[in-house]
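Down below is the structure, laid out as structure tokens.
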Amino acid sequence: MNTNFKMIKTEEELRKAVDSLNAQSAIGLDTETTELDPYTGRLRLIQLAAPDGVSIIDLDAFSNGGNGELANNQALLPLKRLLEAPRPIKIAHNAKFDAKFLKHNLGADLGGVFDSLLASQLISAGDIEERHGLETVATRYLNESVDKSERLSNWSFELSQAQLEYAARDAAILLPLREKLIDRLKAEALVKCALLEFECVMPVADIELAGFYMHKDRWLEQLAIVEKRRAELAEELQGILAEESLQGSLFGGTQRADINLDSHQQLTQALERLGIPVPDSTRNWKLQPLAAQYPVIATLLEYRTVQKALTSYGQNLIELINPATGRLHADFRQIGAPTGRFSCTNPNIQQVPHATEYRRCFSGYPTGRKLVIADYSQIELRILAEFSGDPGFMAAFNSGADLHRVTAAQVFNVPLDQVSKDQRDFAKRLNFGVVYGIGAQRFSMMTGLSAPEAENVLRKYFATYRGLDNYLREAANRAVHDRQARTASGRLVRFRYDENDRQQISMTQRNGKNTPIQGTSADILKRALRLLKDELSNTSARIVNIIHDEIVVEADGDQAKEISQKVERAMCAAGEEYLKTVPVKVETEIADEWIK
DNA sequence: AGGGCGAGCCAC
DNA sequence: AAACGTGGCTCGCCCT
């Protein structure tokens, strides 16, 4: 590894450096910034590593102060072209971070990405114990230690020699690291999946830069209503549940010792004092059956709903609105789950309650901007149909019939047009349940059927869909035997279990059924993001949220119709790359607010 | 004080 | 015979 570096501070130096870098097949890329947020922080250094040394570009030398000037500085054009080109490949650890700053500051869309973080995650194959910081990954694959002590130092002013050496080393190490990671990706047959992930980096950076507009005042109004209701419910509950203190007050009455309504311990004790038979847990679905008999339980359940709304989706979200943009810029983890699904934090805008009171706070902005809301119709069940080749499932999808209705007709042995709402509802739960490897016990609890009835329905279900039964059995067995599973893109998930532990074995069986389905759904979404990037370039559209099988795009009102067609086209095309025998269906809507 | 963990509940 | 998968967030509780 060559950590020799030269500082680039003039147009001439930059041109020469870029000329030389352009001759490389791959270069290490790292940036140093004054903050973690591109809207409030400044891009200070760009380090580009080649075998003959590291070029450190000091952007303060190319700017007269303001951020906006960088993007217009003609001297940076060769650099911008280098970054955007598919070659040389840019190797970065968590490339999304650098990509956001490069886009915001230079207007450059990072092209030809190799992300050592994502590669490392893929190789770990879903082992959530393994860490993937550059330090850890470099040690794991190169036996080199990287000192990150300068990372959080101040990059705003004159830089020390130690800072520059750190900066150079971080970029230089990426070259040998990539070699090792490529070997491992090839050995594990993960190259195709890696390309899928790498091509997704820039779309995800774009989503985070775009942010999702949340109507602050509307949100606060909603919170005020909920807070008032919470106070009423809490008072009512304390009146019933609080203990009368033994100590009388000064004026003779008794004092009320309120309980903590959010403490399961105290709650259980209080309910027992009232003679209510408390189940083994105070979970909502366990308490639900008691609500009719005991009004206090009904009140408690409403309190919980309201309390949850207030704590999880309350003031905190307002505080996450970016002062520079007025929008929520959530943090998406591209490989958030072992299956390849995204996860999302600060805030998690994948879990905003479905109720319109909340969803209506999310809209296009400014006025005139619309939301295009597009989601895959029953994508996981279509994947299951494709994998299993079950004729019944395939026929339902190919005919365009209502799958749940068809299932109900077959399982309950009634003509299609005589399926009751209850029967269709059962069938729906059944269809979704099998994707997770549901058992009779859980199904009976979910539906209220007796255990024998539930078993009977499941037996009938799998007798109807023999192909499904066979496929799922085999998937479960394979997972236990191979201790791994793969998705359609080849993504690998390893399972660890103790052969003597029945629970762990059945867990592995369920994972074996679910992982290929959930993971392939994630593959398809990621492919769609890549295709969408091309479709949406040179339009007013920006992706503002992704929720596993849904993409939310914001666009100018006069382009919304055209954009929605592009979104649908890209999503279908992505699905069809993986599903060859089952049709892919995408439902799109154009709306002012995030309401379908 | 602050971290870890489980319970509970939101999304898909 | 068969305990439905993946996350994040907040709380209480327990620990150091």
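Naming convention: chains lettered A, B, ... in sequence-line order (proteins, then strands); numbering from 1 in each chain. It should be emphasised that the depicted structure is a prediction, and the values quoted were computed from it without experimental measurement.
- Nearest to the side-chain atoms of A:I438 among the listed nucleotides B:dC12, C:dC9, C:dC4 stands C:dC4.
- Regarding A:F212, its CZ atom lies at a distance of 14 Å from the C1' atom of B:dA11, rounded to whole Å.
- Computed from coordinates, the A:I373 CD1 to B:dC12 P distance equals 12 Å when rounded to whole Å.
- The side chain of A:Q266 lies closest to C:dC13 when the candidates are C:dC13, C:dA3, B:dC12.
- Side chains of A:E236 and A:Y303: no donor on one and acceptor on the other come within 3.5 Å.
- Using a 4.0 Å heavy-atom distance criterion, A:G433 is classed as a base contact.
- Contact annotation for A:R341: base contact, defined as any heavy-atom pair under 4.0 Å involving a base atom.
- The side chain of A:S506 lies closest to C:dA3, out of C:dA3, C:dG7, B:dC10.
- Nucleic acid contact for A:N431: none, since no nucleic acid atom lies under 4.0 Å from a heavy atom of the residue.
- Look at CD on A:Q334: it is 20 Å from P on C:dT6, rounded to the nearest Å.
- Using a 4.0 Å cut-off between charged nitrogen and carboxylate oxygen, A:R429 and A:D425 count as a salt-bridge pair.
- Here C:dG5 is the nucleotide among C:dG7, C:dG5, C:dC4 with the atom lying nearest to any side-chain atom of A:N511.
- Annotation for A:V582 and A:E386: closest pair N-OE1, 3.3 Å, computed over non-hydrogen atoms.
- Among the nucleotides C:dA3, C:dG7, C:dG5, the one closest to any side-chain atom of A:M507 is C:dG5.
- The distance between atom NE2 of A:H548 and atom P of B:dC10, rounded to the nearest whole Å, is 16 Å.
- Straight-line distance from the NZ atom of A:K513 to the P atom of C:dA2: 13 Å, rounded to whole Å.
- Residue A:N260 contributes atom CG, which lies 5 Å from atom P of C:dG12 at whole-angstrom precision.
- In A:Q503, the CD atom is not crowded: 12 or fewer heavy atoms of neighbouring residues, nucleotides or ligands sit closer than 6.0 Å.
- The pair A:E232-A:R229 meets the salt-bridge criterion, since a charged nitrogen lies less than 4.0 angstrom from a carboxylate oxygen.
- For A:R510, the listed nucleotide lying nearest its side chain is C:dG5; candidates were C:dG7, B:dC12, C:dG5.
- Residue-level contact check: A:E455 touches neither bases nor backbone, having no heavy atom under 4.0 Å from any strand.
- Across all strands, A:R359 comes closer than 4.0 Å only to sugar-phosphate atoms, never to a base (heavy-atom distances).
- One interatomic measurement links the two molecules: CH2 of A:W594 to C1' of B:dA11, which rounds to 8 Å at whole-angstrom precision.
- Taking atom CD1 of A:I335 as the reference point, atom P of C:dG8 lies 14 Å away to the nearest angstrom.
- Residue-level contact check: A:V352 touches the backbone only, with heavy atoms under 4.0 Å from sugar-phosphate atoms and none from bases.
- At a threshold of 4.0 angstrom between heavy atoms, the contacts of A:Q518 include nucleobase atoms, whether or not backbone atoms are also involved.
- Separating the CZ atom in A:F362 from the CD atom in A:E554 is a distance of 12.5 Å, to the nearest 0.5 Å.
- Candidate nucleotides C:dA3, C:dT6, C:dG7 were compared by shortest atom distance to the side chain of A:S343, and C:dG7 ranks first.
- Candidate nucleotides C:dG5, C:dA2, C:dG8 were compared by shortest atom distance to the side chain of A:Y436, and C:dG5 ranks first.
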